[in-house]
Number of protein chains: 2
Amino acid sequence: MTLEGKMLIGQQAILGSREPIHALNPATNERLEPAYLGGSREDVERACTLSWQAFDRYRDTSLEARATFLETIADEIEALGDDLIARAVAESGLPQVRIEGERGRTCGQLRMFARTVRAGEWLDARIDPALPERQPMPRADLRQRHVALGPVAVFGASNFPLAFSVAGGDTASALAAGCPVIVKAHSAHPGTSELVGRAIQAAVRRCELPEGVFSLIFGSGREVGQALVADARIKAAGFTGSRSGGLALLKTAQARPEPIPFYAEMSSINPVFVLPAALKARGEALGEAFIASLNMGAGQFCTNPGLVIAIQGPELDAFIEAARQAVAGSTSQTMLTPGIFEAYESGVAGLAGSDKAREVARAGQGEGVNQCRSGLFVTSGDAFLDDPALQAEVFGATSLVVECVDQAQVERLAERLEGQLTATLQMDDADLDTARELLPLLERKVGRILVNGWPTGVEVCDAMVHGGPFPATSDPRTTSVGTAAIARFLRPVCYQDMPDALLPAALKKANPLALKRLVDGKREA
Amino acid sequence: MTLEGKMLIGQQAILGSREPIHALNPATNERLEPAYLGGSREDVERACTLSWQAFDRYRDTSLEARATFLETIADEIEALGDDLIARAVAESGLPQVRIEGERGRTCGQLRMFARTVRAGEWLDARIDPALPERQPMPRADLRQRHVALGPVAVFGASNFPLAFSVAGGDTASALAAGCPVIVKAHSAHPGTSELVGRAIQAAVRRCELPEGVFSLIFGSGREVGQALVADARIKAAGFTGSRSGGLALLKTAQARPEPIPFYAEMSSINPVFVLPAALKARGEALGEAFIASLNMGAGQFCTNPGLVIAIQGPELDAFIEAARQAVAGSTSQTMLTPGIFEAYESGVAGLAGSDKAREVARAGQGEGVNQCRSGLFVTSGDAFLDDPALQAEVFGATSLVVECVDQAQVERLAERLEGQLTATLQMDDADLDTARELLPLLERKVGRILVNGWPTGVEVCDAMVHGGPFPATSDPRTTSVGTAAIARFLRPVCYQDMPDALLPAALKKANPLALKRLVDGKREA
């Protein structure tokens with residue numbers, strides 16, 4: 001498929017009118033063709049008009065039709081074949097095997113949401129039948145189901161050019177909920193975005209859906225992104241990216257005449273607590289495994305282990321020494337963009353220049369440009385408690401080990417942490433009581449608690465929570481990965497004494513969708 | 001029980017230090033003793049400290065213990081006996097039978113949430129078991145449940161001194177979710193608030209819960225209310241009241257370093273669509289029934305029918321004439337406070353002075369002060385479309401009938417409405433197609449759609465939605481009445497590879513709570 005450098009607005013391919021965006025191959029800084037002219041407010045206006053026109057018809061599609069649409073998108077993405085892989089590798093600098101895995105995850109995610117749509121539990125169908133004889137007042141017939149919120153704006157993430165971009169988790173969950181989607185493509189991978197966008201466009205056509213179900217816009221966050229979130233027809237937005245970017249859009253979402261739900265997944269340093277018995281039993285092995293997790297994808301994961309907390313002593317020294325050797329022996333890896341590389345270098349320089357932290361190891365300079373050299377720093381519990389700046393995320397493969405004087409300081413430090421996506425406990429049986437003490441505190445701070453694993457690697461499933469208290473996300477009530485993400489784009493509607501002929505299928509007396517509804521307080525068998 | 005005029009902070013009764021608040025009997029403007037000295041920021045600070053200290057222990061209570069606590073609150077409220085009824089009647093001007101009914105609703109609501117807590121569906125327990133052999137990557141054991149958000153601030157409503165005040169729906173659902181609650185009492189009914197607050201305080205004691213589970217503060221919205229919502233330990237807030245009050249607190253919730261969910265139920269005019277066949281068949285009867293609904297509780301319900309929309313003609317004339325006679329024959333009723341009465345009079349004067357609406361009827365002047373005289377106004381579809389001010393809520397027993405030229409104008413007008421709590425269709429079989437056209441539009445605009453009923457009267461049940469798009473509420477994703485309200489105060493947490501000994505009961509292998517969990521994509525039988 002030849003890339004055209006155009007936005008996709010409904011079924012049209014449209015040339016932008018603003019500054020051209022060029023993808024770079026971050027491994028070479030070589031410019032990739034074609035140019036993508038940025039969109040304008042008029043393009044946003046047109047996409048929003050189409051999405052609004054499509055909304056009522058799309059949200060009224062049957063569960064089967066909507067599930068088939070999601071599966072068709074997956075089929076169309078797979079049909080792009082090696083063109084997609086090659087372009088995504090070139091635009092992201094990520095290894096081919098990673099991009100192939102990410103394609104699998106993206107398509108698997110779409111098919112998983114198709115199953116969720118068909119199962120229909122997300123409709124949360126509830127029925128309280130009429131009680132005409134009840135004293136002192138009869139009860140009306142009351143029925144509730146969930147409906148789609150409205151058109152959703154999605155912001156593609158830099159670090160998952162497939163799984164959290166144009167057809168990623170936010171798009172899949174919003175489409176599953178019955179919401180049309182307008183994607184603002186990430187400027188780092190416009191070609192990948194165009195390819196995937198065309199796959200969705202083709203699926204819309206094949207499934208004979210209204211064209212406004214999907215649009216893809218290129219352009220600046222300040223012009224196009226802000227205009228999208230400010231548009232009255234957009235009823236929710238999903239974002240994965242930097243804290244500054246997320247907070248700027250959050251402000252816009254809040255300041256609208258009608259404020260809307262805004263789901264930003266922003267920053268997290270994912271503390272790892274190495275508890276005493278585990279540290280003693282396998283400190284060296286943990287130090288090595290820690291750096292293996294840190295180095296994954298050049299550290300460019302939201303769940304990267306950016307902080308390790310343990311009690312000082314010879315066991316922790318052994319952990320740090322093993323980690324130091326692993327960092328020193330790390331091969332440098334290409335980062336996603338020159339901008340991300342520069343921010344990483346500046347974050348590492350900030351730690352190196354701090355009198356609160358000491359550099360323990362830095363990987364050697366690799367060949368080529370935009371290379372992430374892993375880094376390891378150590379600080380004391382007192383220093384960490386003193387300086388909130390040590391909690392700032394350094395996006396990339398650098399981490400900070402905090403040496404605490406005792407378990408009480410570990411807890412004080414944990415209590416001082418900002419909201420996080422994950423926390424990890426490395427523990428042995430003898431650490432059970434210590435872990436039990438920490439758990440309630442961690443439950444208040446994070447979305448996912450792991451034991452004896454590493455936070456990188458986010459399973460797409462029913463039980464996943466990729467979320468957490470602010471500033472990990474802007475809304476702690478949800479997850480952006482896994483089937484529960486569909487709830488972000490729904491709201492309940494109640495129907496009182498409505499004739500069966502007018503009721504939606506989910507609530508009709510005959511239960512044509514065969515849902516297990518909550519009827520008069522009891523779950524149907 | 002003798003009223004002491006004190007705030008309840010944990011188990012203490014504390015005298016305030018600010019301007020005294022006196023309840024008035026709105027039927028006489030007579031001042032009721034005792035004075036309630038307003039609280040200060042220091043009182044808010046103390047209540048928040050206690051609630052934070054109580055949080056981990058309270059949210060960790062067993063389902064049975066928490067349900068028993070809710071039932072104990074209901075028992076303690078009933079044990080207040082006639083003192084509570086007498087004081088609530090004196091402070092609200094509402095008839096005794098209404099207050100008795102409201103007590104029943106309040107206690108019924110607490111017991112309903114006890115059943116919901118015990119059933120445990122709100123935990124949304126999900127388990128994806130480990131798949132160690134999966135290729136290319138094994139799957140970890142992943143388990144998810146919902147946990148309480150944190151301490152919740154609740155603002156008592158003026159118009160439900162029991163059911164939406166100190167132990168009302170917001171408090172019951174937050175306590176059910178495992179959140180400590182701090183109530184800012186409404187200044188119109190401090191004595192009722194103290195009595196109910198003491199009942200909750202006693203239940204905390206009887207159930208041996210940490211004292212910070214509940215506090216009650218008096219004082220100004222500007223000082224105490226804002227300080228509560230701004231406090232870092234408060235993690236969500238519930239509010240029922242005016243649009244200006246709700247929006248001011250919403251801004252504070254958004255502007256915090258950590259923004260929090262803020263659930264304001266604010267304003268709604270609850271449009272009633274009288275469709276042609278129904279209008280023809282029973283216009284007069286509908287006109288009478290409409291005014292009966294309008295007059296309920298002096299029109300001081302959030303779901304009061306403040307707008308009627310129909311097609312002009314002799315049938316609508318007959319409806320209006322019947323309504324006119326009903327209004328003219330209405331007895332005036334005492335409003336809740338002098339302030340609400342003044343705002344009502346000013347709202348009615350605004351309609352009377354508008355060149356867009358004509359006054360059709362106004363009830364006669366009753367005896368006594370703060371009397372709500374019902375009012376009926378008529379305008380044209382064109383005028384309504386022209387002037388957004390005609391959508392402003394007049395809180396009280398006044399409504400506006402809009403005469404449309406045809407059904408197309410009815411739909412244009414419906415499309416122009418702001419978000420509402422309810423919409424009502426008065427319809428006969430011959431109106432089915434017309435209703436079907438309107439339905440998708442109304443689903444986008446409101447939380448509850450009624451057929452051939454009246455919106456006043458909000459059933460407390462599983463299927464109720466008392467919510468809706470902005471500005472009916474600040475968050476369309478929820479309801480403030482009914483069991484689904486518990487979801488407002490929860491967030492998901494995922495546990496990965498956690499030893500069974502550390503897992504919460506909801507997620508343990510043996511399933512000790514006997515929940516029907518979602519295991520590997522299948523709902524347990």
Side-chain angles (χ1 to χ4, degrees), chain A residues 56 60 101 115 121 126-128 136-137 139-140 142-144 147 149-150 250 254 258-259 261 419 432 435-436 439-440 443-444 447-453 457 459 461-465 467 469-470 474 476-479 484 490-499 501-502 516 518 521 523, chain B residues 56 60 101 115 121 126-128 136-137 139-140 142-144 147 149-150 250 254 258-259 261 419 432 435-436 439-440 443-444 447-453 457 459 461-465 467 469-470 474 476-479 484 490-499 501-502 516 518 521 523:
Chain A
D56 276 344
D60 196 38
R115 289 192 295 276
E121 288 204 4
R126 295 159 174 245
I127 299 176
D128 291 304
M137 296 267 289
R139 180 171 81 183
L142 291 150
R143 290 159 192 259
Q144 180 195 127
V147 301
L149 268 182
L250 174 62
Q254 291 173 336
E258 176 193 5
L432 262 178
R436 197 172 276 122
L439 257 181
E443 279 174 343
R444 280 192 268 108
R448 177 166 56 116
I449 305 172
L450 303 85
V451 173
N452 293 337
E459 183 74 31
C461 61
D462 292 314
M464 178 49 62
V465 178
F470 188 90
S474 57
R477 290 166 290 181
T478 64
T479 173
L490 296 168
R491 48 174 276 263
V493 174
C494 173
Y495 304 82
Q496 179 169 329
D497 285 337
M498 186 156 287
L502 290 179
K516 291 178 179 170
L518 188 67
R523 182 66 55 188
Chain B
D56 276 345
D60 196 38
R115 289 191 296 277
E121 288 204 2
R126 295 158 174 247
I127 299 176
D128 291 304
M137 295 268 288
R139 180 170 82 184
L142 291 150
R143 290 160 193 257
Q144 180 195 126
V147 302
L149 267 182
L250 174 62
Q254 291 172 336
E258 176 192 6
L432 263 178
R436 197 172 276 122
L439 258 181
E443 279 174 343
R444 278 193 269 106
R448 177 165 58 116
I449 306 172
L450 302 86
V451 173
N452 293 337
E459 184 74 30
C461 61
D462 293 314
M464 178 49 63
V465 178
F470 188 92
S474 56
R477 290 166 289 180
T478 65
T479 172
L490 296 168
R491 46 174 277 265
V493 173
C494 173
Y495 305 82
Q496 180 169 328
D497 285 336
M498 186 158 286
L502 290 179
K516 290 179 178 169
L518 189 67
R523 183 65 58 186

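Throughout, protein chains are lettered first and strands after them, A, B, ... in sequence-line order, and every chain is numbered starting at 1.
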Answer key: most heavy-atom pairs under 4.5 Å with chain B among A/Arg143, A/Lys516, A/Met464, A/Glu443 is A/Glu443
Residue from B/Pro136, B/Ala140, B/Pro261 scoring the most non-hydrogen pairs under 4.5 Å with chain A is B/Pro261
All heavy atoms of A/Val493 vs all of B/Ile449, minimum pair found to be CG1-CD1, 4.4 Å
Looking only at A/Leu450, A/Val147, A/Ile127, A/Leu490, most heavy-atom pairs under 4.5 Å shared with chain B are made by A/Leu450
When rounded to the nearest 0.5 Å, the distance separating OG1 of A/Thr479 from CZ of B/Arg491 is 11.5 Å
Heavy atoms of B/Ala463 and A/Cys494 approach each other most closely as O-SG, 3.3 Å
Most contact-rich option vs chain A, by heavy-atom pairs under 4.5 angstrom, among B/Arg139, B/Met498, B/Arg444, B/Arg523, is B/Arg444
Turns out that what part of B/Thr478 lies under 4.5 Å from chain A's heavy atoms comes down to backbone
Tightest non-hydrogen contact, residues A/Arg448 and B/Leu142, listed as CD-CD2, 4.5 Å
Looking only at A/Gly457, A/Pro469, A/Ser474, A/Gly453, the option with the highest number of non-hydrogen pairs under 4.5 Å against chain B is A/Pro469
**Request:** For residues A/Arg436 and B/Leu502, determine if any side-chain heavy atom of one lies less than 4.5 Å from a side-chain heavy atom of the other.
**Result:** yes
Ranking A/Leu439, A/Asp60, A/Leu149 by heavy-atom pairs under 4.5 Å to chain B gives rank one to A/Leu439
So, the side chain of A/Asp497 versus the backbone of B/Val451: is there a donor-acceptor pair under 3.5 Å, distance only?
-> no
Whatever's closer than 4.5 Å to a heavy atom in chain B on A/Arg477 counts as both
Minimal heavy-atom distance between B/Pro476 and A/Pro492, with the atoms involved, is O-CD, 3.7 Å
query = Quick one: are B/Arg126 and A/Cys461 in side-chain contact, heavy atoms under 4.5 Å?
reply = no
Contacts of A/Gln254 meeting side chain to side chain contact (heavy atoms under 4.5 Å, CB included) (sequence neighbours excluded), chain-then-number -> A/Leu250, B/Gln254, B/Pro259
Honestly, the part of A/Asp56 sitting under 4.5 Å from a heavy atom of chain B is side chain
Cut-off 4.5 Å, heavy atoms of chain B, and the answer for A/Arg115 is neither
Smallest heavy-atom separation, A/Gln144 atom then B/Ala484 atom, equals NE2-CB, 4.4 Å
Separation between CG (B/Leu518) and CD (A/Glu121), nearest 0.5 Å, reads 5.5 Å
